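Naming convention: chains lettered A, B, ... in sequence-line order (proteins, then strands); numbering from 1 in each chain. Since this is a predicted model, take the numbers as computed values, not measurements.
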Number of protein chains: 2
Amino acid sequence: MSNQNYIENAHFKLENFIPYQLAVVAESVSKAFSKTYAKRFGITIAQWRVLAAVGRESNCTASSIVEHTAMGKVQVSRAVSILIDKGYIKSRVDSRDRRNSILAFTNKGRSIYIQIIPAGITFERELIKIFTKEEIQQLNHLLSKLNLHSKKN
Amino acid sequence: MSNQNYIENAHFKLENFIPYQLAVVAESVSKAFSKTYAKRFGITIAQWRVLAAVGRESNCTASSIVEHTAMGKVQVSRAVSILIDKGYIKSRVDSRDRRNSILAFTNKGRSIYIQIIPAGITFERELIKIFTKEEIQQLNHLLSKLNLHSKKN
DNA sequence: ATATAATAGTTTCATTTGTAACTAATTTCA
DNA sequence: TGAAATTAGTTACAAATGAAACTATTATAT
């Protein structure tokens, strides 16, 4: 089939195009997910991720969050400063390397963390209810494979 | 396992969380894809989608693009007006319903369309080279299933 | 030692985006 | 008919984003 035929016969369909499908699915999942906490806790996706990272590794630095979250350092910096304003996390200077800020939950932050993570897991569980066990394994496998190979961009 | 344990043992890992994985993969694929045409043709992802939609159905309206592209009407409107400025598409008023603008390629637009679509297909082919035939079928199946169910948000 | 480079994080500024309000044209239906 | 509602598309404004420049601190190398 020649390229020209894409004009004559309109063979190319966006909705079957994998990069497009991925983008659309990811966006609608993200939106649906953020609805589960945006209003309730007044946080954004970026802030959710930062909370998850701090929960995983307490007393971490912003840099380590950058590593664990696929967010840029600007985005992390802004999310952190908003979370500090909201009273969810606190920051102190690392005395051994005064460039580092060490981040940790406040009590308030810990208390929303333990609500937010189970809610996320519930969301995920609901999301993958449409799949069989086999399909879930497939999805995990395909996503991590894609992830590995799309990183080197 | 109690919720509290997410604090103590840091069990929750963002990188295994499906909504997160989806978002990250989709973003890096999108970025890698846009690199294949952004500089060369000076267009954005939104504009790429509009071109694809016009190529599929010549003399379409902005509304039909909204239907086919999972873009909002504001986004389509802006992409269309930029593509008109760039001389890739032209717009005329529908005489039967003067609310509609009917969109079509200019010669210049048609000529980049027939470059851009094969380039997209090449990108997709490269992307899925990491998969077996079976995995590609699985990916298609999983994405359309996810798409179906995440639409009702 | 000290100049240079590298790292952590923040801020600035320009661009992009999303929501809501808007104009214009058409349809509905009393 | 003609007032109210709907639809197509645009615009205005505020918020989010990204790139690059910036400050402060530490590491490197001569």
Side-chain angles (χ1 to χ4, degrees), chain A residues 23-24 26-28 30-35 37-39 42-50 53-54 57 59-86 89-104 153, chain B residues 23-24 26-28 30-32 34-35 38-39 42-50 53-54 57 59-86 89-104 153:
Chain A
V24 170
E27 200 201 327
S28 73
S30 273
K31 276 195 181 155
F33 179 42
S34 83
K35 276 187 187 164
Y37 56 78
K39 273 193 187 162
I43 60 174
T44 64
I45 292 179
Q47 290 156 30
W48 195 96
R49 288 182 183 178
V50 167
V54 172
E57 185 193 0
N59 299 310
C60 65
T61 65
S63 301
S64 83
I65 296 177
V66 170
E67 272 175 41
H68 282 117
T69 58
M71 295 161 72
K73 64 177 183 171
V74 172
Q75 212 182 349
V76 169
S77 170
R78 291 201 260 241
V80 164
S81 83
I82 291 169
L83 289 171
I84 290 172
D85 289 350
K86 288 185 188 296
I89 63 180
K90 58 194 170 186
S91 164
R92 65 187 166 82
V93 173
D94 181 350
S95 56
R96 291 192 304 168
D97 182 342
R98 300 172 45 72
R99 290 171 301 186
N100 294 327
S101 308
I102 295 179
L103 304 171
N153 103 69
Chain B
V24 171
E27 200 199 328
S28 72
S30 274
K31 275 194 181 157
S34 83
K35 276 186 187 166
K39 274 192 185 163
I43 59 173
T44 64
I45 293 178
Q47 291 156 28
W48 195 95
R49 288 182 182 177
V50 167
V54 172
E57 184 194 0
N59 298 311
C60 65
T61 65
S63 301
S64 82
I65 296 178
V66 169
E67 272 176 39
H68 281 117
T69 59
M71 295 162 72
K73 64 178 181 171
V74 172
Q75 213 182 347
V76 169
S77 170
R78 290 202 260 240
V80 163
S81 83
I82 291 169
L83 289 171
I84 290 172
D85 289 350
K86 287 184 188 295
I89 63 180
K90 57 194 170 185
S91 164
R92 66 186 165 82
V93 173
D94 181 351
S95 56
R96 290 191 307 168
D97 182 341
R98 300 173 44 72
R99 288 172 302 185
N100 294 328
S101 308
I102 295 179
L103 304 172
N153 103 70

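Looking at which nucleotide of DNA chain C each of A:V80 and A:E27 is closest to, the 5′-most match is held by A:V80. Remark on DNA chain C: of its neighbouring residues B:A46 and A:T61, the 5'-side contact belongs to A:T61, judged by nearest-heavy-atom nucleotide.
Atoms CD (B:Q75) and P (C:dA20) sit 16 Å apart, rounded to a whole Å. To the nearest angstrom, P of C:dT17 lies 16 Å from CD1 of A:I45. Whole-Å rounding puts the B:N100 CG to D:dT7 P distance at 13 Å. One can place NZ of A:K73 at 14 Å from P of D:dC22, the figure rounded to the nearest angstrom. Computed from coordinates, the B:E67 CD to D:dA8 P distance equals 9 Å when rounded to whole Å. Here C:dA6 presents its P atom at 17 Å from CG of A:D97, a figure rounded to the nearest Å. Rounded to an integer number of Å, the gap from A:I89 CD1 to C:dG9 P is 12 Å. The CE-P distance, from A:M71 to D:dT17, rounds to 9 Å in whole Å.
In this model, the phosphate group of C:dT11 is not approached by any side-chain N or O of A:S77 to a distance below 4.0 Å at OP1 or OP2. Proximity of B:R99 to the phosphate of D:dA8: no side-chain N or O atom is located under 4.0 Å from OP1 or OP2.
Put simply, the side chain of B:R78 and the base of D:dG9 share no donor and acceptor less than 3.5 Å apart.
Note: B:L83 CG to B:S91 OG = 11.5 Å, rounded to the nearest 0.5 Å. Of the inter-residue distances, the one linking B:S30 atom OG with B:E27 atom CD reads 8.0 Å to the nearest 0.5 angstrom. Taken to the nearest 0.5 Å, the CD1 atom of B:I84 stands 13.0 Å off from the NZ atom of B:K86. Rounding to the nearest 0.5 Å gives a distance of 7.0 Å between OG of A:S95 and CD1 of A:I102.
Across all their heavy atoms, B:R92 and B:N59 have their closest contact at NH2-OD1, 3.8 Å.
Nearest to the side-chain atoms of A:A62 among the listed nucleotides C:dT11, C:dG9, D:dA8 stands C:dG9. Set against D:dG18, D:dG9, C:dA25, the side chain of A:V74 has D:dG18 as its closest nucleotide.
If you check every strand for non-hydrogen atoms under 4.0 Å, B:S101 touches sugar and phosphate atoms only.
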